[in-house]
Amino acid sequence: MEAVTEPVRLMEIERELAGPDGAAALARYDAMLSALDRRICEAQNAGLPPEEFPAVEELKEANVLARKILRLTVRVGGEARKA
């Protein structure tokens, strides 16, 4: 049943980012992703078992992509409000 609610939550986040308080929402979500990035780096610096390294690298790449998507959503949402 969670699969049904997750797309709804993503749509809520998108509306929040595209709304008038998009910059504040971006800062909040970006802070969460930034904290995740710090934890990933700490784990990598502490040393990971070889079998965990690929999964952590994928998580790190996904996190970078998520941060880029957040910024793009705010930018596109702002341009849509101007039109």
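Predicted model only: the values in this text are computed from it and were never measured.
Identified under the salt bridge (Lys or Arg N to Asp or Glu O under 4.0 Å) test for residues 61-72, with sequence neighbours left out: Asp30-Arg67, Asp30-Arg71.
Other cluster members for Val64: none, since no ILVMFWY side-chain heavy atom sits under 4.5 Å from it. Ile69 belongs to a hydrophobic cluster whose remaining members, ordered by chain and number, are Leu65; membership requires side-chain heavy atoms of ILVMFWY residues under 4.5 Å apart, directly or through intermediates.
Pairing each heavy atom of Gly22 with each of Val74, the nearest pair is O-CG2, 3.9 Å.
A salt bridge between Glu12 and Arg15 is absent, with no side-chain N of the basic residue lying under 4.0 Å from a carboxylate O of the acidic one.
Every residue two or more places apart in sequence or in another chain was checked for a side chain to side chain donor-acceptor pair (under 3.5 Å) with Asp21, and none qualifies.
We find the CZ-CD distance between Phe53 and Glu58 to be 11.0 Å, quoted to the nearest 0.5 Å. The distance from atom CE of Met32 to atom CG of Leu70, rounded to the nearest 0.5 Å, is 8.5 Å.
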In residues 35-49, what donor-acceptor pairs under 3.5 Å come from side-chain atoms, sequence neighbours left out?
from, atom 1, to, atom 2, distance (Å)
Arg38, NH1, Ser34, OG, 3.1
Gln44, NE2, Glu57, OE2, 2.5
Asn45, ND2, Cys41, O, 3.3

